[in-house]
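To find a chain, count down the sequence lines: A is the first, B the second, and so on, and within it residues start at 1. Side-chain atoms are counted along with the backbone in the values below, which use heavy atoms only and exclude waters and symmetry mates.
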Amino acid sequence: MGACVRIRHVLAGEGLGAEIEVKGWVRTSRVGKGVAFLAVNDGSCFASLQVVAEQGMASYDAVCAIGTGAAVAVRGRLAESPASGQRYELHATAVEIVGPADEEYPLQKKRHTFEYLRTIAHLRPRSNTFGAVFRLRSSLAQAVHRFFAERGFLWVHTPIITTNDCEGAGEMFRVTTLDPSRPPLVGGQVDFSADFFGAQAGLTVSGQLEGELFAQAFTDIYTFGPTFRAENSNTPRHAAEFWMIEPEMAFADLMADAALAEEFFRYLCRHVLENCREDLEFFNGQIDTGLIARIEAVADTSFAMMEYGEAIERLKKASVSFEFPVSWGLDLQTEHERYLTEQVVGGPVFVVNYPKEIKAFYMRQNDDGKTVAAMDLLVPKVGEIIGGSQREERYDFLEARMRETGIAPESLWWYLDTRRWGSTPHAGFGLGFERLIMYLTGMENIRDVIPFPRTPRHAEF
RNA sequence: UCCCCGUUAGCUCAGUCGGUAGAGCAGGUGGCUGUUAACCACCUUGUCCGUGGUUCGAGUCCGCGACGGGGAGCCA
């Protein structure tokens, strides 16, 4: 008897002709006269292994009664399959039912809606679609780390709990150990100085500010971790808990930032094309026809670049009518972004140098006095997927901008300090990991690319 | 948070003009078969989301509520 082999290797023909053992979960069973077929999946790949059990085997009657969802351990000889549909199959000599499953198992061998599967998130990873999603998610996360590691970027674990209440990037979840029914009061207000951290604390909405501090020591760094927003957003693109990737480079300007974003995005496209092919074929066939062609196009083209001002002019000349107005000084809506990338450019495009009024306080002011060194990467079908900027490294400019936008400089004294000593031109960008997964799988709801999604009124499992 | 749409069998859905509910799949029984979401025959399964109203009569029309989805805003 050989050691237990993962089905991915079995289906590659490893152990052909030999006695092997596999362990996994039964996807379907078909019982005939004198012969039974089990499709067994262990999550190591999309395809299941066909197990053939013949009458005369010790536990044949029990095998015939195995229901969808049962866990089994199968010993047998791996052989080439005489029938079409699979190249190899396992001729069982012994089948052990490790964990049975009865007819109430909710995952039937038929199509379910994603809405229903969300209500059984504890079981949905055993389905075809979610198996593919979470294999790709894992592989992509490792590719993100590999990309940065190959280029000498330091991975910094920025804090999840923070007392920065002025990052300006959305509502924060509060972190407290105070008794909610009897908080200590001072002048009618909650006295957070008596709280665990001695100040109002919350879950991070971005690791960027801390990332910048580390870039001023390690040159090139990135963050990759969970991020939280307490916004009451009920859309297919928003979650209360999601993962974000934020590289930051010292001694770098906006063009270096865009160059990194392009290299990074194309690297990840190539990664899934080369390493997640079987799952990608499934998405291309069942979820989003045209997916592979779109990813291949992005992986092969170099990205265009356009000034914000030019983008506005192109939109004004557009023959199509937009729902939202187009005017210099207004932010671009998704419909505008998609027009630019799909109709004007016909591929990925960076839009750079936005009006300072519509961008964050930390972005570097350009010499024209009107714009900041911001960039958004727009891609077909979704619009913006990466947003970044060169940061304001000049102390006086940064402090003035903070005051203009209502942020107390003393509350971010440590951030300003990096501009006092050894300040450098630096730049970075942010990418929502789930939005990347959605782009690379064709899945249209963020709740279906997160194992156990957190959204308003939902934190089950 | 706002605007639309939806909620019917375990699952996916149909249900006409207001007259007490059907199909496929799943499950059960039998048959057949190296099968591929197997197939064939028969059988079982309902708080029609909740609540109030209109009506002789409501799954169907109206009000309110809950939940889900899509769009918008916010953004990643």
Side-chain angles (χ1 to χ4, degrees), chain A residues 27-40 47-55 64-65 67-69 79-87 89 91 101-120 123 127-128 167-171 204-208 223-246 286 323-324 331-335 337 358-360 376-377 382-388 429-439 444-450 455-458 460:
Chain A
R27 286 290 178 83
T28 64
S29 65
R30 294 176 292 275
V31 179
K33 186 180 247 179
V35 61
F37 300 92
L38 302 176
V40 178
S48 298
L49 172 67
Q50 171 155 283
V51 170
V52 185
E54 299 200 45
Q55 202 159 27
C64 291
T68 301
E80 299 204 17
S81 178
S84 63
Q86 59 282 316
R87 188 163 168 197
E89 61 186 24
H91 292 256
D102 65 19
E103 68 280 357
E104 288 180 33
Y105 181 61
L107 269 179
Q108 296 168 18
K109 47 182 182 179
K110 56 166 290 187
R111 198 185 170 282
H112 293 286
T113 62
F114 292 142
E115 290 84 355
Y116 171 68
L117 290 168
R118 271 172 227 150
T119 69
I120 52 167
L123 299 171
S127 68
N128 282 338
E167 291 178 8
E171 291 294 309
T204 182
V205 296
S206 168
Q208 182 197 314
T223 72
F224 184 10
T227 310
F228 307 87
R229 301 281 166 88
E231 299 285 352
N232 186 19
S233 294
N234 293 284
T235 86
R237 294 176 300 281
H238 291 84
E241 177 180 316
F242 61 99
W243 283 53
M244 194 151 59
I245 302 156
E246 297 172 295
Q286 299 297 316
E323 185 184 347
F324 290 90
D331 208 356
L332 301 180
Q333 299 291 326
T334 300
E335 57 172 350
E337 295 172 344
I358 58 173
K359 290 294 182 183
D376 284 352
L377 174 60
V382 301
E384 181 191 337
I385 191 143
I386 286 177
F429 62 80
L431 169 63
F433 187 51
E434 284 79 11
R435 294 202 176 162
L436 176 68
I437 298 169
M438 291 166 73
Y439 186 78
E444 291 185 334
N445 196 310
I446 198 168
R447 301 170 181 108
D448 297 327
V449 300
I450 298 177
T455 55
R457 297 182 304 283
H458 288 290
E460 304 94 344

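Listed nucleotides: U35(B), C75(B), G69(B). Nearest to the side chain of Ser81(A): U35(B). Looking at the side chain of Phe324(A), the nearest of the listed nucleotides G71(B), A72(B), U1(B) is A72(B). The listed nucleotides are C74(B), G34(B), C75(B); the one nearest the side chain of Glu231(A) is C74(B). Distances were taken from every side-chain heavy atom of Thr235(A) (C-beta onward) to each of A38(B), G73(B), G34(B); the shortest belongs to G73(B). Considering only the side chain of Asn445(A), G70(B) comes nearest among G70(B), U35(B), A38(B). Distance from the side chain of Pro236(A) is smallest to G71(B) among G71(B), C67(B), G34(B). Among the nucleotides C75(B), G69(B), U35(B), the one closest to any side-chain atom of Glu115(A) is G69(B).
To the nearest 0.5 Å, atom CD of residue Glu384(A) and atom CD of residue Gln333(A) are 11.5 Å apart. With rounding to the nearest 0.5 Å, the separation of CD1 in Ile446(A) from NE2 in His238(A) is 8.0 Å. Between the CD atom in Gln50(A) and the CD atom in Gln86(A) there is a gap of 4.0 Å [rounded to 0.5 Å]. Interatomic distance, Arg27(A) CZ to Leu49(A) CG, rounded to the nearest 0.5 Å: 12.5 Å. The distance from atom CZ of Arg118(A) to atom CG of Asn445(A), rounded to the nearest 0.5 Å, is 4.0 Å.
With hydrogens and angles ignored, no donor-acceptor pair closer than 3.5 Å exists between the side chain of His112(A) and the base of C11(B). Within 3.5 Å, no donor on the side chain of Ser233(A) pairs with an acceptor on the base of C75(B), nor the reverse.
With Glu335(A) contributing its side chain and Phe324(A) its backbone, the two residues share a donor-acceptor pair below 3.5 Å. Under the 3.5 Å distance criterion, the side-chain polar atoms of Glu246(A) are left unmatched by any main-chain donor or acceptor of Gly430(A). Under a 3.5 Å cut-off, the side chain of Arg229(A) and the backbone N or O of Ala239(A) do not form any donor-acceptor pair. Of the possible donor and acceptor atoms, one in the side chain of Thr235(A) sits under 3.5 Å from a partner among the backbone N and O of Arg237(A).
For Phe114(A) and G70(B), the CZ to P distance is 11 Å, given to the nearest whole Å. Rounded to a whole Å, the CD atom of Gln86(A) is 11 Å from the P atom of U35(B). Rounded to an integer number of Å, the gap from Gln286(A) CD to A37(B) C1' is 11 Å. In this structure, Glu171(A) atom CD and G73(B) atom C1' are separated by 14 Å, rounded to whole Å. Rounded to whole Å, the distance from CZ on Arg229(A) to C1' on C74(B) is 10 Å. Rounded to a whole Å, the CD atom of Glu444(A) is 13 Å from the C1' atom of G71(B). Atoms CH2 (Trp243(A)) and C1' (C75(B)) sit 20 Å apart, rounded to a whole Å. Distance, Met244(A) CE to C75(B) C1': 10 Å, rounded to whole Å.
On the C1' atoms, G22(B) is 11 Å away from G46(B), given to the nearest whole Å. A gap of 14 Å separates the P atoms of U7(B) and C11(B), to the nearest Å. Nucleotides U36(B) and G70(B) have their P atoms positioned 36 Å apart, rounded to a whole Å. The gap from the C1' atom of G19(B) to that of A26(B) amounts to 32 Å, rounded to the nearest Å. Distance check on atom C1': C56(B) versus G18(B) gives 12 Å, rounded to whole Å. Nucleotides G53(B) and G10(B) place their P atoms 29 Å apart, quoted to the nearest Å. Comparing the same atom, P, in C13(B) and in G34(B) gives a spacing of 36 Å after rounding to whole Å. Rounded to the nearest Å, the gap between the P atom of C62(B) and that of C67(B) is 22 Å.
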Please write out the pairs of protein N or O atoms and N or O atoms of nucleotides 4-10 of chain B separated by less than 3.5 Å, giving the distance to one decimal.
residue, atom, partner, partner atom, Å
G10(B), N2, Gln108(A), OE1, 2.8
G10(B), N2, Gln108(A), NE2, 3.3
G10(B), N3, Gln108(A), NE2, 3.4

Using a cut-off of under 3.5 Å, enumerate the N/O to N/O pairs linking the protein to nucleotides 41-45 of chain B.
none

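Among the protein residues, Ile446(A) comes within range of the nucleic acid bases, having at least one heavy atom under 4.0 Å from a base atom. Using a 4.0 Å heavy-atom criterion, one finds that Ala239(A) contacts the bases of the nucleic acid, with or without backbone contacts as well. Nucleic acid contact class of Ser84(A) (heavy atoms, under 4.0 Å, all strands): base. Nucleic acid contact class of Gln50(A) (heavy atoms, under 4.0 Å, all strands): base.
Across Val52(A), Thr68(A), Val51(A), a single residue satisfies side chain to side chain contact (heavy atoms under 4.5 Å, CB included) together with Leu38(A), and that is Val51(A).
For RNA chain B, if you chain together Watson-Crick or G-U pairs that step i with j, i+1 with j-1 and so on, the runs of at least three with distances under 3.5 Å are B:1-7 with B:66-72, B:10-13 with B:22-25, B:27-31 with B:39-43, B:49-53 with B:61-65.
Here Arg30(A) does not reach the OP1 or OP2 of U36(B): none of its side-chain N or O atoms lies under 4.0 Å away. A close approach under 4.0 Å does occur between a side-chain nitrogen or oxygen of Arg237(A) and OP1 or OP2 of A72(B). Put simply, Arg447(A) has a side-chain N or O that comes within less than 4.0 Å of OP1 or OP2 on G70(B). Taking only side-chain nitrogens and oxygens, Thr113(A) comes nearer than 4.0 Å to OP1 or OP2 of U12(B). Residue Gln333(A) places at least one side-chain N or O closer than 4.0 Å to OP1 or OP2 of G73(B). At the phosphate of U36(B), neither OP1 nor OP2 sits under 4.0 Å from any side-chain N or O atom of Arg27(A).
When the shell of 6.0 Å around CD of Glu115(A) is examined, it contains more than 12 heavy atoms from other residues, nucleotides or ligands.
Among all heavy-atom pairs drawn from Pro82(A) and Glu89(A), the shortest one is CD-OE2, 3.4 Å. Across all their heavy atoms, Tyr116(A) and Pro106(A) have their closest contact at OH-CB, 3.4 Å. Closest approach of Thr334(A) to Val382(A), counting heavy atoms only: CG2-O, 3.9 Å. For Met244(A) against Val205(A), the heavy-atom pair with the smallest separation is CE-O, 3.9 Å.
Nearest-nucleotide positions on RNA chain B for Glu384(A) and Arg457(A) put Arg457(A) closer to the 5' end.
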